[in-house]
Amino acid sequence: MSSKKTNKLVIQKYGGSSVSNHEKIENAARRIISYARRGNKVVVVISAMGDTTDNLVTLAKKINPYPPEREMDMLMSTGEQISGALLAMALNRRGVGAISFTGAQVGIITDTDHTQAKILKIETDRLKKELNKGKIVIVAGFQGLSTALEITTLGRGGSDLSAVALAVSLEADLCEIYTDVDGIYTTDPRIESSAKKLKYITFDEMLELASRGAQVMHTRAVEVAKKFNIPLHVRGSFSNKEGTIIMEKPPIIEEPVVRGVTLADNEAKVTLPGVPDKPGIAARVFTKLAREGVNVDMIVQNVSHDRSTDISFTVPKKNLKKNLKISNSISKSIGASKVISDETIAKVSVVGVGMKSHSGVAAKCFSLLAKNKINIDMISTSEISISCVVKKGAGKKAVKVLHKGFNLDKIKS
Ligand code: ADP
Ligand code: ASP
Ligand code: MG
């Protein structure tokens, strides 16, 4: 790392795996100091250490399978307070002035939607005051204060969003996302070891990858970065290599047709068999689900037999019980026979902006899966992606087949 003075306002977000023990916190502290020594103002957004949030969720569910969401926020928000305070101590011990804050303390104001809150605004006065005193400011990621003065969280993986929102509010010069991989790869390198690191990726592609299962970036964080055109540098916290720049228009003349493959196994399929085949039924089903806040992803309606049909859709597994309750009441009200659910599904997707101008990608995707005897259960497409639902057990194989079939193991990054 060069020692040239840069005098920038830098946001650095450290993910949970980058601060999972005291050595890693020290490692983050060293990097932060190297930026500060070059004259930069640094705001650090930190995640909870390692699996802290998962462990808190498991603990809560043992005590109450349906915990009040307000209390879940009270509980989950504690993780980031611990890592933030420890990082501030590590920096102070090295003689560098640093102060840690909760989201509420630095005026991250959200709506009242517990566990999935949206950031409404950030009152940056306190934060700026500390920066102007020459301090490194550490902000607990993933949390805010609601308009009803309650602590809220922003949805799992939401520290990325805290970082991007702070970059927007503070008009930062640089927003870096430090994680346990060196950048964005053509697919999850934990599934496919021949995955290649990408130098650049567009906001749209990253948005599609994230919403289709690539957990490396939080979907809403990419949405906000795109909206305000804030390039993000995703990079490894344990190396000094350049990572991946997520931006609007990467400096590449020709776009590859397919940029990446993702796997998501956090959805379940719900089927309403024997639904009357007449106008207005689908509208009733999905209006009711939307009103209840159920996020429906894929939808398939089968061919009608004897004036009745089957409607299937996928929903996040984490709310399956609640969704089934709602689906049961819908099914009764429309005269459907019953509700069937299947949690043994996985969704594989191929993503790339080049698909806009190339035909045959879907056909190739289906033939690759067919050749490898992987049955497709549901299909959905967008302008820049194709997703197939397959049996959960075939998910990883499907990723590997598509990654190789679209030559992603051969791309130069
Ligand atoms: P953090 O704790 O830093 O927020 P996450 O666990 O949320 O990190 O995200 C990093 C993980 O995302 C990686 O360890 C990797 O397994 C996974 N991942 C999934 N898809 C991709 C991809 N296309 N490129 C890089 N990492 C990916
Ligand atoms: N600690 C939170 C989670 O595990 C937020 C984050 O890591 O981004 O979801
Ligand atoms: Mg994350």
Take S169 and T124, measure what side-chain hydrogen bond (donor to acceptor under 3.5 Å, both in side chains) needs, and give me the verdict at the end.
CA-CA 7 Å; S169 300; T124 51; over 6 Å; no

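- The structure places CD1 of I177 at 11.0 Å from OH of Y14, a figure rounded to the nearest 0.5 Å.
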Apply salt bridge (Lys or Arg N to Asp or Glu O under 4.0 Å) to residues K121 and E123 and explain how you reach the verdict.
CA-CA 7 Å; K121 61 175 174 182; E123 289 156 1; 3.3 Å; yes

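- In this structure, the side chain of R38 engages the main chain of S34 through a donor-acceptor pair within 3.5 Å.
- Contact of the L369 side chain with the L402 side chain is registered, since non-hydrogen atoms from C-beta on lie closer than 4.5 Å.
- Atom CD1 of I311 is separated from atom CD of Q301 by 4.5 Å, given to the nearest 0.5 angstrom.
- Between C388 and F366, the shortest heavy-atom distance links the atoms SG-CE2, 3.7 Å.
- Between V106 and I122 there is no side-chain heavy-atom pair separated by less than 4.5 Å.
- Annotation: side chain of L75 is not in contact with side chain of L59 (no heavy-atom distance under 4.5 Å).
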What do the steps show when you test L368 against F406 for side chain to side chain contact (heavy atoms under 4.5 Å, CB included), and what is the final call?
CA-CA 9 Å; L368 283 165; F406 283 102; 3.9 Å; yes

With salt bridge (Lys or Arg N to Asp or Glu O under 4.0 Å) as the test, would you mind laying out the steps for D182 and K241 before giving the verdict?
CA-CA 7 Å; D182 283 341; K241 285 189 207 145; 3.3 Å; yes

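- Using a 4.5 Å cut-off on side-chain heavy atoms (C-beta onward), M206 and V216 make contact.
- Using a distance-only test at 3.5 Å, with no hydrogens or angles considered, no donor-acceptor pair links the side chain of H218 to the main chain of S159.
- Shown here for A163 and I11, the closest heavy-atom pair between the two residues is O-CG2, 3.8 Å.
- Pairing each heavy atom of K321 with each of Y66, the nearest pair is CD-OH, 3.1 Å.
- Of all non-hydrogen atoms in A398 and V348, the two that sit nearest each other are CB-CG1, 3.7 Å.
- Panel note: side chain T152, backbone G144; a donor-acceptor pair is recorded below 3.5 Å.
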Run the numbers on D54 and R156 for salt bridge (Lys or Arg N to Asp or Glu O under 4.0 Å), then give the verdict.
CA-CA 10 Å; D54 284 338; R156 294 302 308 273; 3.0 Å; yes

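- If you run side chain to side chain contact (heavy atoms under 4.5 Å, CB included) between T179 and each of D160, I184, V234, only V234 comes through.
- A salt bridge links D204 with K226: the closest approach of a Lys/Arg side-chain nitrogen to an acidic carboxylate oxygen falls below 4.0 angstrom.
- A 4.5 Å side-chain heavy-atom check between S327 and L289 finds at least one atom pair inside the cut-off.
- Remark: K322 NZ is packed, more than 12 non-hydrogen atoms of other residues, nucleotides or ligands lying under 6.0 Å away.
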Start with the C-alpha gap between Q143 and S77, add the side-chain angles, then the distance that decides, and say whether side-chain hydrogen bond (donor to acceptor under 3.5 Å, both in side chains) holds.
CA-CA 6 Å; Q143 58 177 265; S77 58; 4.9 Å; no

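- V261 and L209 make their closest contact through N-CD2, 4.4 Å (heavy atoms, listed as atom of the first residue, atom of the second, distance).
- Within 6.0 Å of CD on E23 lie more than 12 heavy atoms contributed by other residues, nucleotides or ligands.
- Heavy atoms of other residues, nucleotides or ligands lying less than 6.0 angstrom from NZ of K364 number more than 12.
- At least one donor-acceptor pair closer than 3.5 Å links the side chain of D111 to the backbone N or O of D113.
- By the 4.5 Å heavy-atom criterion applied to side chains, L86 and V19 are not counted as neighbours.
- Judged purely by atom type and a 3.5 angstrom limit, N64 has no side-chain atom pairing as donor or acceptor with the backbone of A60.
- Here CG of L272 is found 9.0 Å from CG of D310. Values are rounded to the nearest 0.5 Å.
- The number of heavy atoms from other shown groups lying within 6.0 Å of NZ (K199) does not exceed 12.
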T153 and D73: CA distance, side-chain angles, deciding distance, side-chain hydrogen bond (donor to acceptor under 3.5 Å, both in side chains) verdict
CA-CA 6 Å; T153 61; D73 278 350; 2.6 Å; yes

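- Remark: side-chain polar atoms of N40 are paired, donor with acceptor, to backbone N or O of Y35 under 3.5 angstrom.
- Looking only at distances, a side-chain donor or acceptor of R31 sits under 3.5 Å from a matching main-chain atom of S237.
- Between the side chain of S146 and the main chain of T110, no donor-acceptor pair closer than 3.5 Å is present.
- When K391, K392, K317 are each tested for a salt bridge (Lys or Arg N to Asp or Glu O under 4.0 Å) with D342, only one passes: K391.
- Note that CD1 of I138 is 11.0 Å distant from CD of Q12, once rounded to the nearest 0.5 Å.
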CA sep, side-chain torsions, deciding dist, call: H114, E71, side chain to side chain contact (heavy atoms under 4.5 Å, CB included):
CA-CA 9 Å; H114 282 289; E71 301 308 329; over 6 Å; no

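- Heavy-atom contacts from other residues, nucleotides or ligands closer than 6.0 Å to CE of M74 number 12 or fewer.
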Going through the distances and angles, do K288 and E292 end up as a salt bridge (Lys or Arg N to Asp or Glu O under 4.0 Å)?
CA-CA 6 Å; K288 172 96 170 131; E292 300 281 348; 3.4 Å; yes

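- With 3.5 Å as the limit, one finds a donor-acceptor pair spanning the side chains of S385 and E208.
- In this structure, CG in L232 is found 10.5 Å from CD in E176, a value given to the nearest 0.5 Å.
- Nearest heavy-atom pair across V43 and L9 is CG2-CD1, 4.2 Å.
- Annotation for Q81: atom CD does not count as buried by contact number, only 12 or fewer foreign heavy atoms lying within 6.0 Å.
- At least one donor-acceptor pair under 3.5 Å links the side chain of S162 to the backbone N or O of F142.
- Taken from CG in N323 to NZ in K318, the straight-line distance is 10.0 Å, to the nearest 0.5 Å.
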